[in-house]
Amino acid sequence: MTRWHRLPICAGALVAVALGARAADIPGSDAAAQIVGLFMQSCVRFAGDPVGLRAWAVHAGAMRPLPAEGQQAFLYGLPGEVFDASTNAGKLVLISETSGACSAMADSASGTEVVKVLEQVMAQAHINFTMTHEDDDKSEKILHHREYTASQGKREWQMLVSTVKGTAPGEVMLTTSP
């Protein structure tokens, strides 16, 4: 969790929207709505399209690229760009790997609630999804992972949802890969 100290909170608030919905329209807590909204508008919308994702992030208004030190704290040496998508409600980052993988991270949200909200929003958006695997992380015992396949029309992608076990708020990471 040391990477979060390199992330300032943006002055402007990113409106967490999922396919045109306002954050207030997304069920669940503010933290769950914020991370799911960011994930849907970025990683799901631009799954496998890092050029489109980065252009959107720059023009979205409230997101700024992190300084080089902050970028590497989230990229672990991989090529890509990381954006500060924080709101007044919490710290959020958007990670765009050059390979096409995309992650949205929150420093604090209930994993149980995030999964519930994500699955609800995807169903409402007519995204087909199936959970293909679920397990606890073998090295980070506090983490739980859910793997999904998802599609909408001719687009298909993989998703990984990593959360802290239980209902207590903790770090959440939602990832798409082509």
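What you are looking at is a predicted structure, and each value in this text was computed from that prediction instead of being measured.
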Residues passing the salt bridge (Lys or Arg N to Asp or Glu O under 4.0 Å) test with Glu134, sequence neighbours excluded, are Arg146
Checking side-chain contact (heavy atoms from CB on, under 4.5 Å) for the pair Met105/Ile95: CA distance, chi angles, key distance, verdict? CA-CA 8 Å; Met105 287 185 71; Ile95 304 162; 3.7 Å; yes
Write down the atom of Ala125, the atom of Gln152, and the distance for their closest heavy-atom approach. O-NE2, 2.7 Å
Which residues share a side chain to side chain contact (heavy atoms under 4.5 Å, CB included) with Thr149, sequence neighbours left out: Thr130, Thr132, Gln158
Minimum heavy-atom separation for Pro178 and Gly48, please, with both atom names. CG-CA, 3.9 Å
Of all residues at least two apart in sequence or in a different chain, which pass the side chain to side chain contact (heavy atoms under 4.5 Å, CB included) check with Thr176? Phe39, Cys43, Val44, Ala47, Cys102, Trp157, Met159
Please report the interatomic distance CD1(Ile35) to CD(Glu113), rounded to the nearest 0.5 Å. 13.0 Å
Disulfide bond (SG atoms under 2.5 Å apart) pairs, two or more places apart, involving residues 115-178: none
How long is the span from the CG atom in Asp49 to the OG atom in Ser42, to the nearest 0.5 Å? 12.0 Å
For Val161, is there any backbone N or O sitting under 3.5 Å from a side-chain donor or acceptor partner on Glu147? no
Taking the side chain from Thr112 and the backbone from Gly166, do they hold a donor-acceptor pair closer than 3.5 Å? yes
Taking only residues two or more places apart in sequence, or in another chain, which ones meet Lys141 in a salt bridge (Lys or Arg N to Asp or Glu O under 4.0 Å)? none
Please name all residues satisfying side chain to side chain contact (heavy atoms under 4.5 Å, CB included) with Pro65, sequence neighbours left out, ordered by chain then number. Gln71, Phe83
Linking I/L/V/M/F/W/Y whenever any side-chain heavy atoms sit under 4.5 Å apart, do Met131 and Met122 land together? yes
Within the supplied structure, the quantity of interest is the number of heavy atoms (other residues, nucleotides, ligands) at a distance under 6.0 Å from Ile142 CD1; does it exceed 12? no
For a side-chain contact (heavy atoms from CB on, under 4.5 Å) check, start with the C-alpha distance between Trp56 and Gln41, then their side-chain angles and the critical distance, and finish with the verdict. CA-CA 9 Å; Trp56 171 81; Gln41 279 295 311; 3.9 Å; yes
Roughly how far, to the nearest 0.5 Å, is CD of Glu81 from CE of Met63? 12.0 Å
What about Phe129 and Leu38, same hydrophobic cluster or not, with Ile/Leu/Val/Met/Phe/Trp/Tyr joined at side-chain heavy-atom distances under 4.5 Å? yes
So OG1 of Thr163 and CG of Leu118: to nearest 0.5 Å the spacing works out to 11.0 Å
Grab the two heavy atoms, one from Leu92 and one from Ala106, that are nearest each other, plus how far apart they are. CD2-CB, 3.5 Å
What pairs with Ser96 under side-chain hydrogen bond (donor to acceptor under 3.5 Å, both in side chains), at least two apart in sequence or on another chain? Arg54
With sequence neighbours left out, write down each residue that passes side-chain hydrogen bond (donor to acceptor under 3.5 Å, both in side chains) with Ser110, or none if nothing qualifies. none
Sidechain-backbone polar pair: Thr175 side chain, Ser103 backbone, donor-acceptor under 3.5 Å: no
Could you tell me if Asp137 and His144 have a donor-acceptor pair between their side chains, going purely by distance under 3.5 Å? no
Check the hydrophobic clustering (I, L, V, M, F, W, Y; side-chain heavy atoms under 4.5 Å; chains of links allowed) and say if Leu75 and Met173 are grouped together. yes
Excluding sequence neighbours, so at least two apart, what forms side-chain hydrogen bond (donor to acceptor under 3.5 Å, both in side chains) with His59? none
Indicate if Val51 and Val82 have the same hydrophobic cluster label, given that clusters are the connected sets of ILVMFWY residues with side-chain heavy-atom separations under 4.5 angstrom. no
By salt bridge (Lys or Arg N to Asp or Glu O under 4.0 Å) - contacts of Asp136 (at least two apart): Lys165
Sorted by chain and residue number, the side chain to side chain contact (heavy atoms under 4.5 Å, CB included) partners of Asn128 (sequence neighbours excluded) come out as Ser151
Any pair counted as salt bridge (charged side-chain N to carboxylate O under 4.0 Å, His left out), so long as it reaches residues 117-128, sequence neighbours left out: none
Is there a continuous path of hydrophobic side-chain contacts, each under 4.5 Å between heavy atoms, that joins Leu78 to Leu94? no
